[in-house]
Amino acid sequence: MVSEPAVAETVDTGRDFIRDIIQADLAAKKYQEIVTRFPPEPNGYLHIGHAKSIALNFGVAQEFSGRCNLRFDDTNPIKEEQEYIDSIQADVRWLGFDWGKNLFYASDYFDRLYEWAEGLIRAGLAYVDDQSQEEIRANRGTLTEPGKNSPFRDRSVEENLDLFRRMKAGEFPNGARVLRAKIDMASPNINLRDPVMYRILHATHPRTGDTWKIYPSYDYAHGQSDAIEGITHSICTLEFEDHRPLYDWFIEKLPVPSQPHQYEFARLNLTYTLLSKRVLTQLVREGHVSGWDDPRMPTIAGLKRRGVPPAAVREFVRRIGVAKSNSVVDVGMLEFCIREELNRTALRRMAVLRPLKVVIENYPEGQVEELEAVNHPDDPSKGTRRIAFGRELYIERDDFMENPPKKFFRLSPGSEVRLRYAYFIKCREAIKDASGEVVELRCTYDPETRGGNAPDGRKVKATLHWLPAAQSLPAELRIYNQLFAKPNPEAANFAADINPQSLEILRDARIEPAIATANSDEAMQFERQGYFVRDKDSTPERLVFNRTIGLRDTFAKEVGGKG
RNA sequence: UGGGGCGUCGCCAAGUGGUAAGGCAGUGGAUUUUGAUUCCACCAUGCGGAGGUUCGAAUCCUCCCGCCCCAGCCA
């Protein structure tokens with residue numbers, strides 16, 4: 001459970017319109033306990049948009065001392081799978097929320113739903129329609145024209161009951177008939193034009209197997225499931241606003257045990273990101289990414305593998321708020337939250353992404369000494385570690401320039417810089433290969449500057465990270481960039497907007513031993529570079545790390561350099 | 001041209017008749033053994049537009065404009 005702020009917020013005034021409503025309901029003594037639910041359909045993995053809904057539903061329940069159920073909306077066996085049921089639970093838990101014993105499935109209620117449907121038939125409020133799918137569509141009318149009544153709309157209760165029971169018994173093929181609510185084919189709200197309550201589906205359900213041949217539609221199942229569970233505030237996204245009259249219609253006509261109410265908020269959209277299940281499913285199925293947990297995916301599983309801490313996701317959805325206007329949040333906001341959390345918690349380590357060999361000419365051959373480095377500059381409780389220093393080192397290729405511009409204050413011929421926790425060094429010569437590429441630096445160090453400070457008080461303009469050549473380990477580093485190249489990629493033609501540079505693999509990186517021995521799935525900061533986390537592909541023989549996110553880099557921004 | 005929503009700074013978002021919170025981004029500056037972090041400062045005479053009511057309007061009224069959702073036996 002995410003706990004700390006919960007108590008305080010109970011007495012706090014609502015932070016959004018949903019909480020305002022709940023607070024008012026509580027003040028009016030409308031309910032003695034607030035009950036919400038998070039109702040995913042198990043037909044895909046959860047993504048960061050769901051995190052907003054999860055945090056809202058579970059958060060509200062927590063803040064008002066109520067409860068939040070996890071309920072799978074498993075009414076369409078054609079699309080749903082056990083794998084998704086499992087991943088969804090893992091992801092909600094990872095985010096830090098707990099449904100306790102309150103795990104339910106819409107399929108738990110199939111029997112009751114069926115009985116209530118017969119009740120509606122008896123009351124003359126539902127009928128079996130023999131029209132084909134095409135006929136139903138044609139007779140539904142359009143946005144501006146009313147629909148036409150089905151020729152089967154006025155069947156007798158007996159005939160309807162008989163047909164509906166035979167649908168249930170599996171006597172008819174898929175699509176042969178449906179059960180419809182008898183409301184109003186001329187309603188300006190298309191959802192009220194005799195919506196389908198049950199369709200025939202000869203399909204194996206992940207939980208009920210082959211016992212059912214008919215399945216309830218979302219509109220018929222959802223509200224009633226809410227009522228059965230005693231949900232007080234059924235929170236969903238804006239596109240269901242038009243369904244609310246239908247939601248209320250069923251609740252009013254059926255002998256349900258409680259009267260839940262539906263409230264709608266705007267779903268999350270993020271720049272450089274697509275959050276539609278259709279697109280995410282295709283990205284996976286068509287191999288654009290390695291799987292649902294590819295670190296470039298906006299899925300919870302992807303964020304986790306990427307090294308994003310759950311607290312950062314929670315903070316992000318807290319900051320963006322909950323409202324009703326469609327919006328596209330700058331992905332920079334998410335990145336800020338990730339850096340904020342990781343800066344606070346991540347252990348500091350050194351790694352060289354693109355190594356450039358350095359030989360300290362005046363350092364004794366064969367000598368090795370150990371230097372002390374802090375694990376977190378702002379948190380002494382995280383301790384220190386030792387790093388070996390010797391004659392041959394690696395520094396970052398980007399930290400050396402033979403002909404530097406004025407604003408470059410790293411290493412260049414003749415300049416002096418500090419090697420973090422070690423010594424000041426000066427570059428004497430850059431050695432190049434036949435093609436003119438710098439392959440090695442010949443440097444000298446100042447023994448007086450051990451630890452990084454000069455007794456004479458002289459300053460350097462840069463501190464570089466580095467690694468001893470012998471006492472560091474090779475590793476593969478995977479650098480991720482936005483999956484989509486455009487701020488607002490087109491869902492309809494997403495493949496065209498995929499960023500061809502979304503993954504860069506650095507196979508020759510070096511890392512300090514403490515990184516390899518870390519027994520943690522939490523991200524570490526590789527100083528001056530970014531946050532990295534061990535990937536599940538990593539083995540003792542082949543160490544693999546994912547870059548969660550780079551450090552803020554105002555220098556690169558200024559010179560328009562790399563990211 | 002039907003119905004349902006929404007329009008406040010580049011991006012989120014408070015505000016519900018008393019004279020525009022906050023965050024992200026951005027821009028200056030200070031500190032810094034991470035060009036990181038931290039700190040300080042700046043950043044809407046204006047709330048989609050036009051009228052109107054009022055001593056006073058982002059908030060109320062009228063008209064207009066723009067954007068999103070709905071015609072699945074998906075959710």
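In the text below, chain A, chain B and the rest are named by the order of the sequence lines, each starting its count at 1. Given the structure is predicted, the values throughout are model-derived calculations rather than measurements.
Base orientation for G26(B): anti, the chi torsion being more than 90° from 0.
For the pair Asp399(A) CG and U34(B) P, the computed distance is 13 Å after rounding to whole Å. In this structure, Lys324(A) atom NZ and U8(B) atom C1' are separated by 18 Å, rounded to whole Å. The nearest whole Å value for the distance from the CE atom in Met333(A) to the C1' atom in G22(B) is 10 Å. Summarising the geometry, the separation between CZ on Phe17(A) and P on A13(B) is reported as 11 Å, rounded to the nearest angstrom. Protein atom CG of Asp74(A) is 15 Å distant from nucleotide atom P of C74(B), rounded to whole Å. For the pair Gln133(A) CD and C74(B) P, the interatomic distance rounds to 7 Å; values are reported in whole Å. Atom CZ in Phe38(A) sits about 16 Å away from atom P in A75(B), given to the nearest Å.
No donor-acceptor pair closer than 3.5 Å links the side chain of Ser327(A) to the backbone N or O of Val329(A). In this structure, Ser150(A) contributes its side chain and Phe152(A) its backbone to a donor-acceptor pair below 3.5 Å.
Among the protein residues, Arg319(A) comes within range of the sugar-phosphate backbone only, with heavy atoms under 4.0 Å from sugar or phosphate atoms but none that close to a base. Counting non-hydrogen atoms under 4.0 angstrom, Pro40(A) reaches nothing in the nucleic acid. Tyr198(A) comes within 4.0 angstrom of nothing in the nucleic acid, heavy atoms only. Base engagement by Leu551(A) is indicated by at least one non-hydrogen atom pair under 4.0 Å involving a base atom. Heavy atoms of Phe526(A) sit nowhere under 4.0 angstrom from any nucleic acid atom. Contact annotation for Val417(A): no contact, since no heavy-atom pair falls under 4.0 Å across all strands. Heavy atoms of Thr75(A) sit under 4.0 angstrom from primed sugar atoms or phosphate atoms, though from no base atom. Using a 4.0 Å heavy-atom cutoff across all strands shown, Ile78(A) reaches no nucleic acid atom at all. Across all strands shown, Val178(A) has heavy atoms under 4.0 Å from base atoms, whether or not it also approaches the sugar-phosphate.
Ring orientation note: the planes of Tyr220(A) and Phe250(A) are nearly perpendicular, at an angle over 60° on the 30°/60° scale.
With C69(B), G35(B), C6(B) as the candidates, the nucleotide lying closest to the side chain of Phe409(A) is G35(B). Proximity note for Ser327(A) (side chain, C-beta onward) versus G5(B), A75(B), C12(B): the nearest is C12(B). Among the nucleotides C70(B), A36(B), G2(B), the one closest to the side chain of Thr144(A) is G2(B). The listed nucleotides are C70(B), C24(B), C74(B); the one nearest the side chain of Asn191(A) is C70(B). In this structure, the nucleotide among A75(B), G5(B), C70(B) sitting nearest to the side chain of Glu41(A) is A75(B). Each of G35(B), A75(B), G7(B) was ranked by its minimum atom distance to the side chain of Arg410(A); first place goes to G35(B).
A donor N or O paired with an acceptor N or O is not found under 3.5 Å between the base of U34(B) and the side-chain atoms of Gln529(A). Counting distance only, with no hydrogens placed and no angle test, the side-chain atoms of Asn189(A) and the base atoms of G4(B) include no donor-acceptor pair under 3.5 Å.
Between Asn343(A) and Arg244(A), the residue anchored nearer the 5' end of RNA chain B, judged by the nucleotide with its closest heavy atom, is Arg244(A). In this structure, Thr449(A) and Val322(A) both approach RNA chain B, and ranking their closest nucleotides by distance from the 5' end singles out Val322(A).
Stacking between Tyr218(A) and A75(B) is absent: the ring centroid is not both under 5.5 Å from the six-membered base ring centre and under 30° in plane angle.
Side-chain contact between Leu238(A) and Lys324(A) is present, with at least one heavy-atom pair separated by less than 4.5 Å.
Side chain to side chain, Asp226(A) and Tyr247(A) meet the donor-acceptor criterion of an N or O pair below 3.5 Å.
Under the side-chain hydrogen bond (donor to acceptor under 3.5 Å, both in side chains) test applied with His222(A), the options Gln262(A), His243(A), Arg37(A) reduce to a single match, Arg37(A).
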